[in-house]
Structures are given as structure tokens and as C-alpha cells.
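Taking it in order: structure first as C-alpha cells, then the write-up.
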Number of protein chains: 2
Amino acid sequence: MTQSPWQPISPSKPVRPAKEPLNRERIVDTALRVMVDQGYEAVSMRKIAQELHTGPASLYAHVANKKELDQLLVDRAAQAMNLPSPPDPERWQEQLKEAMREMLRAMRTMPGVARAAIGAVPLGEAALRTTECLLGILKAGGLPDQAVAWAVDLIPLYVTAVAFEENVQRADEWSPEDIERFLDGLRSYFASLPADRFPLTMALAGPLTAGAAGDDRFEFGIAVITAGLASLAELH
Amino acid sequence: MTQSPWQPISPSKPVRPAKEPLNRERIVDTALRVMVDQGYEAVSMRKIAQELHTGPASLYAHVANKKELDQLLVDRAAQAMNLPSPPDPERWQEQLKEAMREMLRAMRTMPGVARAAIGAVPLGEAALRTTECLLGILKAGGLPDQAVAWAVDLIPLYVTAVAFEENVQRADEWSPEDIERFLDGLRSYFASLPADRFPLTMALAGPLTAGAAGDDRFEFGIAVITAGLASLAELH
DNA sequence: TCGAGCATAGAACAGTGTTCGTCAACGAAC
DNA sequence: GTTCGTTGACGAACACTGTTCTATGCTCGA
């Protein structure tokens with residue numbers, strides 16, 4: 001601001017940048033940024049408030065509590081999901097697998113969101129959209145209505161549990177090298193067990209520790225679930 | 001100690017009951033009792049210490065930290081699991097279902113333990129015993145080794161996620177009446193949605209909200225997983 | 001008897017979610 | 001232009017958390 005030479009010099013005042021008003025979207029945006037940058041455990045009302053240059057109490061005019069903030073994060077993840085559509089009866093099983101891959105992909109772009117999601121009933125508008133897509137795919141597969149309805153509970157439960165597990169390991173800051181070292185230790189541990197106590201565990205130490213760093217385990221899981229649903233579809 | 005008649009009578013001292021020394025088992029016992037009585041979120045180092053008439057710092061001579069305490073709780077749950085044995089190739093699928101039911105049953109006797117278990121690699125001795133049993137059942141089913149190994153990751157993941165979800169709902173102190181009310185509200189909510197936005201969700205509102213209070217959803221899930229594994233077994 | 005080792009436990013540190021009470025800004029009404 | 005009510009902002013406070021530091025007491029072996 002240009003100071004008029006005709007105005008008395010006012011007492012010096014620190015120039016405070018005009019502060020953008022708080023709103024729910026900015027709070028959720030900031031929470032998401034903190035979660036991605038520093039992990040789910042770093043997301044606190046104080047940390048979000050600090051990033052927004054305000055006090056923690058200010059947030060409560062826009063969100064009821066921390067749990068509601070969690071739910072808003074979950075809906076952000078759901079917004080990032082683009083499930084296959086329209087449903088195709090000819091390739092519903094492949095669409096189902098693609099849907100699960102897409103759900104995990106979206107959760108991986110917001111590591112830690114599975115911690116907020118697990119155990120919650122997803123009711124956000126975006127979450128309902130994913131539910132609607134899943135229902136379409138499962139209906140296209142010819143499953144009975146009750147099976148369809150319960151499958152849309154099972155599928156996100158599994159995918160969220162996988163994302164949760166991945167995030168716990170990431171939170172412990174396991175690099176691929178750490179994971180490999182952990183698995184080496186696990187192999188040694190298994191090798192040291194009394195052979196007569198855990199014969200199968202010892203015999204399968206290799207396969208038990210395989211595929212931790214890749215997507216093979218997840219692909220196996222989605223194949224099992226899809227095959228299971230397909231076999232139930234065949235019964236009707 | 002017998003007081004010598006030649007000693008002056010000492011000033012009166014509050015009689016402190018002899019305190020049982022702390023050990024890991026007592027700490028875990030107490031944590032478990034707090035968790036069952038008051039829920040997982042009530043389990044804190046201070047609360048456990050208070051129950052044991054000591055200070056929170058005392059616990060750290062016996063457990064490394066809260067996370068290790070969690071793992072000890074998980075192993076307690078594993079100790080309570082009695083999986084079907086020996087494996088029977090003639091009825092391996094039924095045994096697998098029984099194993100999953102038994103795992104959920106054991107977790108239900110320690111509500112909240114799924115919160116500690118989810119995301120963790122179970123390495124306790126009791127957990128290894130359940131792994132060994134599962135491996136036996138899956139081998140009896142004729143699955144290839146890699147599938148067997150990944151299935152023993154998938155199965156506890158699913159069961160733990162179910163137990164976690166149940167406990168979150170229980171922690172919110174949902175009585176069966178609350179659940180029914182919630183489902184009524186969900187049905188109304190679904191009914192109020194634009195019909196053209198979520199047609200399948202609306203059409204399936206009944207099945208979507210059915211079976212929440214019972215075991216039907218869980219039975220469906222274990223049927224899907226078992227059928228999926230069986231169909232993979234048939235491919236080999 | 002003495003010193004080492006270990007467990008105990010209060011105090012302190014650095015944080016958490018949430019509520020209370022006060023203040024300022026703003027819009028409506030007069 | 002003034003007054004009043006509403007709303008959001010936000011520091012202070014409350015009640016709690018996990019964990020470490022440090023002093024103390026007990027036990028046991030030399």
C-alpha cells in the first residue's frame with residue numbers, strides 16, 4: 001500500500017496477510033496433505049490448524065470432531081476411484097478385478113486413508129457411487145440379490161484391509177530393503193523352529209515370504225474372491 | 001516378621017499389602033481385562049498401571065512399548081484359537097470354514113483385539129500354531145504351495161477385518177436396537193436418494209441392510225473365500 | 001558389609017482431542 | 001450511523017496419552 005504523504009504516520013503494525021477463511025474443504029485438503037506427506041499418525045487437529053495458521057479450536061466450527069474428519073478423508077479416497085462402467089455380463093469377472101485394483105490404486109495415492117476407512121460404513125456420496133458400480137458389476141454376473149449386497153461389503157473390506165496392512169508397514173518406514181531383511185530374518189526364524197512343531201511352516205517358508213513387495217498377493221486375493229463369487233453365480 | 005519384645009514399638013505405619021511383583025503375564029492379563037471390560041480405546045499404560053497399583057513407567061521394564069503390548073494381546077487371542085485338526089482331504093472345505101469361525105469366535109471373546117491385530121504380522125508362537133493348522137487344511141485341499149502360502153495371509157486378514165468392524169460398531173455402543181435404527185435410517189436415506197443416481201443401491205436397500213446383527217454376512221464371506229480356493233484347487 | 005544390578009515409580013516432557021469463554025466481523029433492522 | 005444478534009476465530013484450559021529421566025529401594029553375590 002502506498003502511504004499518502006498527507007496522512008499521519010500510523011503506529012507500526014505487522015502486516016498480516018489477509019487470511020483465507022476456513023472451510024471444510026480447506027481443512028480436508030490440509031489433512032490430506034499432512035497424511036500423504038507425514039503419515040496418518042501425524043494427522044492431528046493441532047497439526048492441521050498449524051498448517052492453516054490458526055488454532056485447533058477453529059476447526060470445530062467446520063467439522064464435528066476428528067472422527068468426522070476421518071470420514072471426510074475416506075470420501076476423498078472414494079472420489080478418486082473410477083470403477084469400470086457400464087457393467088458387462090460378458091466380462092463381469094474381469095471388471096470386478098479391475099474394480100478392486102482401482103480401489104487399491106486410489107487408496108495408495110492417499111496412503112493412510114485405510115486407517116480412517118477400516119471399520120467404517122462408507123456413506124459419503126462418492127462412496128455410494130462406488131457401491132453403485134460394484135452392484136452393477138455383480139448384478140451383471142448373475143448373482144442373487146442377497147449375494148450381491150453382501151459382496152459389496154466383502155470387497156471393500158478386503159481391499160481396505162490390504163491397504164491398511166501396507167500402510168502399517170510403510171509407517172514403520174520399511175523400504176524394500178527393510179522388507180527383504182525382515183523376510184530373511186523370518187526365513188531364519190522359521191528355519192530355527194523345532195521341525196516337528198511347525199513342519200508345514202518350515203516347508204513353506206519360501207512361498208510364505210514370497211511376493212510381499214509386489215502385487216502378487218493382492219492379485220491372488222482378488223482371484224480367490226472373484227472365483228468364489230463366480231462359483232456362487234454358477235449355482236443359480 | 002515377629003516383633004522382638006525388646007524393641008520399642010515403632011511408630012504406627014500404614015499396613016501396605018505385600019505387592020505381587022510385576023511381570024509380563026500380569027501386565028497382559030490386566031490389559032486384556034481392561035480391554036474386555038472397557039474397550040480397546042480404554043487400554044492405556046496409565047490405566048493398566050493404575051489397575052496394578054503402580055506407575056506407568058514400571059511397565060516399561062517388562063514391555064518395550066504400547067505396540068509390543070498390543071502384540072502380546074494378539075498372541076493371547078491366538079492362544080484361545082482351537083483350529084480343526086488333523087486336516088482331512090475329504091472335508092477340507094468344511095474344516096476351512098470351521099477354522100474361520102473359530103478364529104472369529106476367539107476374537108469375539110476378546111473384543112477389541114482385532115484393533116491390535118490388524119496390519120500386524122502375527123509371529124507369536126500361538127499364532128504360528130494357527131498358521132500351521134491352516135497350512136495343513138489348505139494342503140489337504142490340494143492347492144499349490146504358493147496358493148496355500150498366500151491363503152494363510154488372506155484368511156486371517158478377512159477374519160480380523162470382520163472382527164475389527166464389529167468392534168468399531170460395538171465401541172460406538174450400538175445395541176441391536178441402535179443397529180436396527182441405523183438401518184432404518186439408512187433405508188430412508190437410500191429411499192431419499194435421486195432414483196436415477198443410485199438405482200441399484202435403492203433397489204437393493206433391503207439386502208444391503210440385511211443380516212448385520214447375525215452371522216449371515218460372515219458366513220457369506222467364508223463361503224466365497226472357500227469356494228474361490230476350491231475352484232483354484234480344481235484348476236490344478 | 002558393600003557394590004552392582006534391577007525393578008519401581010514419581011516427575012517431567014511432548015504431545016493428543018475437545019470444550020469454554022472471549023473477541024471481532026458482519027449483516028440486518030431501525 | 002447505530003445497535004444488536006449471529007457466526008467464526010482462537011487462546012486457554014481440561015483431561016488425557018506414550019515414553020523417558022532420575023532417584024530410590026531391594027536383592028544378591030563377593
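Order of the sequence lines fixes the chain letters, A, B, ..., with proteins taken first and strands second; residue numbering starts at 1 for each chain.
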#### Entry: Heavy-atom pair of closest approach, residues B:Leu83 and B:Ala99
CG-CB, 3.9 Å
### Query
Taking B:Thr160 for the side chain and B:Leu157 for the main chain, is one N or O donor matched with an acceptor at less than 3.5 Å?
no
#### Entry: Given A:Arg105, A:Arg101, A:Arg108, the one that forms salt bridge (charged side-chain N to carboxylate O under 4.0 Å, His left out) with A:Asp215
A:Arg108
Short N/O separations, protein against nucleotides 23-26 of chain D, under 3.5 angstrom:
none

### Query
In whole angstroms, how far is the P atom of D:dC10 from the CG atom of A:Leu52?
10 Å
### Message
Could you report the tightest heavy-atom contact between B:Val152 and A:Leu208, atom names first, then the distance?
### Response
CG2-CD2, 3.4 Å
### Query
Under a 4.5 Å cut-off applied to non-hydrogen side-chain atoms, are A:Met202 and A:Arg197 in contact?
no
### Spacing of B:Arg26 atom CZ relative to C:dT8 atom P, expressed in whole Å
9 Å
### Query
Side chains of B:Leu69 and B:Ile48: does their closest heavy-atom pair fall under 4.5 Å?
yes
### Query
How does each nucleotide of nucleotides 10-22 of chain C score, in 5' to 3' order, for protein heavy atoms under 4.0 Å: base (B), sugar-phosphate only (S), or none (-)?
B-B---BBBBB--
### Task
Check whether any side-chain nitrogen or oxygen of B:His62 sits under 4.0 Å from OP1 or OP2 of C:dT8, and answer yes or no.
yes
### Query
For the pair made of CD1 in A:Ile27 and P in D:dG8, what is the distance, rounded to whole Å?
11 Å
### Query
Rounded to whole angstroms, how far apart are CG on B:Leu59 and P on D:dT20?
13 Å
### Summary
Taken to the nearest whole Å, CD/B:Gln50 to P/D:dG18 is 13 Å
### Query
Which class fits the ring pair A:Phe220 and B:Trp150: parallel under 30°, tilted 30 to 60°, perpendicular over 60°?
tilted
### B:Lys66 to B:Tyr40, cation-pi by 6.0 Å centre distance and 45° axis angle
yes
